[in-house]
Amino acid sequence: MMTEISLNVLDVAENSVRANASLIEISVGVDRGRDLLEITIKDNGCGMTEEQLEHVQDPFFTTRTTRKVGLGIPFYKEAAVSAGGEFRIESKVGEGTSVYASFQLSNIDRMPVGDIVSTIHTLVVYHEEIDFLYRYTFDGEETVMDTREFREVLGGISFKEKEVSDYIMEYLKEQKFSVDNGVNI
Amino acid sequence: MKSLEELKAIRDKMQGAVTLRNESEAGTRIVVGMATCGIASGARPVLVALSDAVAEKKIEDVAVTQTGCIGLCQYEPIVEVLQPGKEKITYIKMTPEKALEVIDRHIIGGQVISEYTIGNVLK
């Protein structure tokens, strides 16, 4: 199992990368009033066939050839379901895939969200050919990062350049703090 | 709050710089396995440590990238060092601390740290 939910998000979003998505939308929503954490990872990648979709939650199914198990989605589902949440995955060939997971915030078995800023930063910087739209909501306050805005400003300059990478990290941290005041869920 | 104006200033500063790193032309590639197995065993802090070190020590001609699962899940986090004309070196069970040693001793110093390599384990 992963040690924090943000690592599941990183792992599941890597599936979107491998599905050749050009846009990945990640939204993380915390609502303490409703005792709910909701996370959606949506891509416009190649999508899955009905057969793949049926098997994707089975740990002994994978499309990989390097090993015989596929634990990413089962881990994530288990993390949600064991924390009193729900897990849904929808997909259509040629259109993309959407993975929804919810967690009961107060559930004793809920893992901490962890370093979600690092997850988003890693995805954005190491997959700069892909656009990311990241939405973080905390008790109704929302903040949005759209890498298309960065790219428009930067032109051909790489996100991996230290100044740019640091800027994105700080940007994400400030955005998070502006809505949750540093509360770690 | 960070503004896009700040990003514009970074851009203007960088456009003055002569060289823009091009990954495909980089001499050395450091590749970190970032599939479920890698992530679950701690690849993210290793990746961050490597790329921060390369940037901070201003090491030229080195690209840090990520890859999927190479089928040696029990040895994750795995870091591969690929240099033109040299054999690929596979470091296993990496930590951020070990990764920094790889930067200092192998990437900068040119000496493979054989005790961290997969060859050492399979012997």
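Every heavy atom of this structure was used, including side-chain atoms; hydrogens, water molecules and symmetry mates were not. Each chain gets a letter, A, B and so on, in the order the sequences are listed, and its residues count up from 1.
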message: I'd like to know if the side chain of A/K160 reaches the main chain of B/V64, judged simply by a donor and an acceptor atom lying under 3.5 Å from each other, with no hydrogens or angles considered.
response: yes

A/Y167 versus B/S3, closest heavy-atom pair with distance: OH-O, 2.7 Å

task: Please flag which part of B/L72 lies under 4.5 Å from any non-hydrogen atom of chain A: side chain, backbone, both or neither.
output: neither

message: With a sphere of 6.0 Å drawn around NZ of B/K2, does it hold more than 12 non-hydrogen atoms of other residues, nucleotides or ligands?
response: yes

- line: Rounded to the nearest 0.5 Å, the CD1 atom of B/I39 sits from the CG atom of A/L10 at a distance of 4.0 Å

Exercise: identify the closest heavy-atom pair between A/F150 and B/L4: CD2-CD2, 3.9 Å

message: Would you say NZ of A/K42 has more than 12 non-hydrogen atoms from neighbouring residues, nucleotides or ligands within 6.0 angstrom?
response: no

field: Segment of A/F75 engaging chain B (4.5 angstrom heavy-atom cut-off)
entry: side chain

query: Taking atom CD of A/E51 as the centre, does the number of heavy atoms from other residues, nucleotides or ligands within less than 6.0 Å exceed 12?
result: no

query: Does the pair B/R44/A/E4 count as a salt bridge with the N-to-O cut at 4.0 Å?
result: yes

- prompt: What closest approach, in Å, do A/M2 and B/A40 show between heavy atoms, and which atom pair accounts for it?
  reply: SD-CA, 3.5 Å

- line: Turns out that what part of B/A35 lies under 4.5 Å from chain A's heavy atoms comes down to both

message: Nearest 0.5 angstrom please: B/T36 OG1 to A/N15 CG, how far?
response: 6.5 Å

- request: First locate atom CZ of B/R11, then atom CD of A/E152, and finally report the distance between them rounded to the nearest 0.5 Å.
  value: 10.0 Å

field: B/I10 backbone acceptor or donor facing A/E163 side chain under 3.5 Å
entry: no

query: Do B/L7 and A/Y171 come close enough that some side-chain heavy atom pair is under 4.5 Å?
result: no

query: Is it the side chain or the backbone of A/T119 that comes within 4.5 Å of chain B heavy atoms, both, or neither?
result: both

- prompt: chain B heavy atoms under 4.5 Å from A/D166: which part of the residue, side chain, backbone, both or neither?
  reply: neither

- request: Taking salt bridge (Lys or Arg N to Asp or Glu O under 4.0 Å) as the test, write out the residues that go with B/D52, two or more places apart.
  value: none

task: Please state whether the side chain, the backbone, both or neither of A/S178 comes within less than 4.5 Å of a heavy atom of chain B.
output: side chain

- request: Evaluate whether atom CD of B/Q74 has more than 12 neighbouring non-hydrogen atoms of other residues, nucleotides or ligands under 6.0 angstrom away.
  value: yes

message: Quick check on A/H127 against chain B: is it the side chain, the backbone, both or neither that has a heavy atom closer than 4.5 Å?
response: side chain

In a table with atom names and distances, give each donor-acceptor pair under 3.5 Å that connects a side chain of residues 82-89 of chain B to protein atoms at least two apart or in another chain.
from: B/Q83; atom 1: NE2; to: B/T28; atom 2: OG1; distance (Å): 3.2
from: B/K88; atom 1: NZ; to: B/E80; atom 2: OE2; distance (Å): 3.3

